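A short write-up of the structure that comes next.
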Number of protein chains: 2
Amino acid sequence: LLLLVLAEASLETIPKKLWSAPSVKAMAKRRGKAPGEMLLDRSYHHRAMKNLPNAEKRGRPDIVHFCLLTALSTPLNREGQLKVYVHTINDQIIDVDPKVRLPRNYPRFVGLMEQLFKTGRVPPKGPPLLQLREWNLEKLIEREKPDHVVALTSKGELQPLDSALGKLAKHERLMALVGGFPHGEFSQKTLSLAQTLLAIDPEPLDSWTVVARLVYEYERATSIAKSRLQAPRQPQ
Amino acid sequence: LLLLVLAEASLETIPKKLWSAPSVKAMAKRRGKAPGEMLLDRSYHHRAMKNLPNAEKRGRPDIVHFCLLTALSTPLNREGQLKVYVHTINDQIIDVDPKVRLPRNYPRFVGLMEQLFKTGRVPPKGPPLLQLREWNLEKLIEREKPDHVVALTSKGELQPLDSALGKLAKHERLMALVGGFPHGEFSQKTLSLAQTLLAIDPEPLDSWTVVARLVYEYERATSIAKSRLQAPRQPQ
């Protein structure tokens, strides 16, 4: 099982100190929502975000959207061997059901996330597909009990992903932390939770590129890739 | 060089017979644009699309958006060894400059594509980053002169991607056709332009998953992956 955590992800509702910014007030009016019910999004709130602490890591829900679509549509997920969590920049945990079919359309994804932050779960009734957990990253690790935690970071040791996963995938429950933010690095606190720090390219890569490669190599390192190729073809 | 063609992609302006549909008229009014200047998008025009021929392959510009972001952010592209084209369902060709930085935000991407269909190029002045070419897929192949054309399709022979690319990547100029549509298959005409039909999974995969895996294995099959790992680290 691969426990994929999109860590310190750029996903949050608009913080209080920005509620009176012109771009935020205009959006609230247009969308008929309270400022605190809407996602922080650099595409729209760039200027207002200027004085926000840690601003370069914030306001990019599109990264979470892409990474989730990338991870959830893989053969690994279809085989039931992937479990995805989003850990946000505010140390909240989103528990993602492997069967969720997320909207491909970005504005609809934003609406869904806003509903999640408001009500704590999506859909509001029935088995939850997305759930906001009262955990932080440490608590998540305590609960999921991975055998090993690897953080993918440009601060790590540069290694070919295939040989690194050849070893790491031997752990029954491998947790991989991939940064869900556009620039900068994991916090020291997050780094301290990983046993291995791994860099897969000399330059920083987009989060979705790391997610795609990691899942693919995990399939190859376990027997999943092979067994799918030997399975009978699905009727088209 | 990998010539990646997102083929028969779900990207077009709203066809004339839908201009009087309520969802189209409402959007035109809201956005202050003529119906024929806006992209067809199933998220908004689902009902209106019901009677459109070939409807299951149309109205998904988000697929083009994801696939381009996936392809353009890879090490292969940074090394100058990737050239991407979009071939649309209407047999138009979009020439994508490898250096283009596309908007991550979907509504902005849509705006950019609308500008492209209106003016034929983006930006309107200076060196074009996106260009609408007066070619079709056959003409593109004539101009780019690939040594080999492979189409990734569930109709192809099921093979592990690494061994398939181990052979295919020996061609100096390899062109790969990846379907840029949500359901269905390449047309016979497109299939007839490929020398190899390759399936990489028993089930159909999302286009961006195919793009990510293809580019990654191409890096591994050529010496690009290796040479990047041996290159001196970039200052962080």
Side-chain angles (χ1 to χ4, degrees), chain A residues 41-44 60-63 65-66 69-75 78 103-110 153-155 158-163 182 184-185 199-213 215-217 219-220 225-236, chain B residues 41-44 60-63 65-66 69-75 77-78 103-110 153-155 158-163 182 184-185 199-213 215-217 219-220 225-234 236:
Chain A
D41 189 329
R42 180 174 292 283
S43 299
Y44 307 110
R60 291 289 307 276
D62 59 293
I63 294 178
H65 187 214
F66 281 14
L69 289 180
T70 295
L72 295 170
S73 71
T74 54
R78 295 181 190 177
R104 271 51 182 154
N105 177 270
Y106 179 68
R108 286 192 209 283
F109 173 77
V110 168
T153 158
S154 49
K155 286 202 170 158
L158 190 59
Q159 280 184 66
L161 183 58
D162 53 354
S163 61
E185 246 313 326
I200 62 171
D201 194 84
E203 293 180 72
L205 298 176
D206 281 315
S207 309
W208 52 87
T209 303
V210 180
V211 167
R213 292 176 177 213
V215 171
Y216 175 65
E217 281 292 6
E219 288 174 20
R220 288 182 7 107
K226 218 172 187 174
S227 72
R228 279 184 77 86
L229 288 169
Q230 286 159 353
R233 298 291 284 270
Q234 303 293 312
Q236 298 299 325
Chain B
D41 190 328
R42 181 175 291 281
S43 299
Y44 308 110
R60 290 289 307 275
D62 60 293
I63 294 178
H65 187 214
F66 281 15
L69 289 179
T70 296
L72 294 171
S73 71
T74 53
N77 191 49
R78 294 181 191 177
R104 270 52 181 154
N105 177 269
Y106 179 68
R108 286 192 210 283
F109 173 78
V110 168
T153 157
S154 50
K155 287 203 169 156
L158 190 59
Q159 280 184 68
L161 183 57
D162 52 355
S163 61
E185 245 313 327
I200 62 171
D201 194 84
E203 292 180 73
L205 298 175
D206 281 315
S207 308
W208 53 86
T209 304
V210 180
V211 167
R213 293 176 177 213
V215 171
Y216 175 65
E217 281 292 7
E219 289 175 19
R220 287 181 9 105
K226 217 171 188 174
S227 71
R228 280 183 76 85
L229 288 169
Q230 287 160 351
R233 298 291 285 271
Q234 302 293 313
Q236 298 298 324

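All values below come from the heavy atoms of this structure, side chains included, with hydrogens, waters and symmetry mates left out. Chain naming here is simple, since letters A, B, ... match the order of the sequence lines and numbering starts at 1 in each. Not measured: the values here are computed from a predicted model.
- No donor-acceptor pair under 3.5 Å is formed between the side chain of B/H65 and the backbone N or O of B/V110.
- Top candidate by heavy-atom pairs under 4.5 Å with chain B, chosen from A/R104, A/R220, A/R213, is A/R213.
- With a 4.5 Å cut-off on non-hydrogen atoms, A/P61 does not touch chain B at all.
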Just do the side chain to side chain contact (heavy atoms under 4.5 Å, CB included) check on B/D62 and A/Y106 with the steps written out, would you? CA-CA 8 Å; B/D62 60 293; A/Y106 179 68; over 6 Å; no
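- Between chain A and the options B/R42, B/E217, B/Q159, the largest number of non-hydrogen pairs under 4.5 Å is found for B/E217.
- With respect to chain B, the highest number of heavy-atom pairs below 4.5 Å among A/D41, A/N105, A/T209 belongs to A/N105.
- For the options B/V215, B/T74, B/L69, B/I200, heavy-atom pairs under 4.5 Å to chain A are most numerous at B/L69.
- Among all heavy-atom pairs drawn from B/P202 and B/L158, the shortest one is N-CD1, 3.8 Å.
- Interface summary for chain B: among A/P160, A/P182, A/P103, A/A212, the most heavy-atom pairs under 4.5 angstrom belong to A/P160.
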Side chain to side chain contact (heavy atoms under 4.5 Å, CB included), that's the test. Do B/L161 and A/Y216 meet it? Break it down for me. CA-CA 11 Å; B/L161 183 57; A/Y216 175 65; 3.8 Å; yes
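- Between A/E185 and A/K155 there is no salt bridge, since no side-chain nitrogen of the basic residue lies less than 4.0 Å from a carboxylate oxygen of the acidic one.
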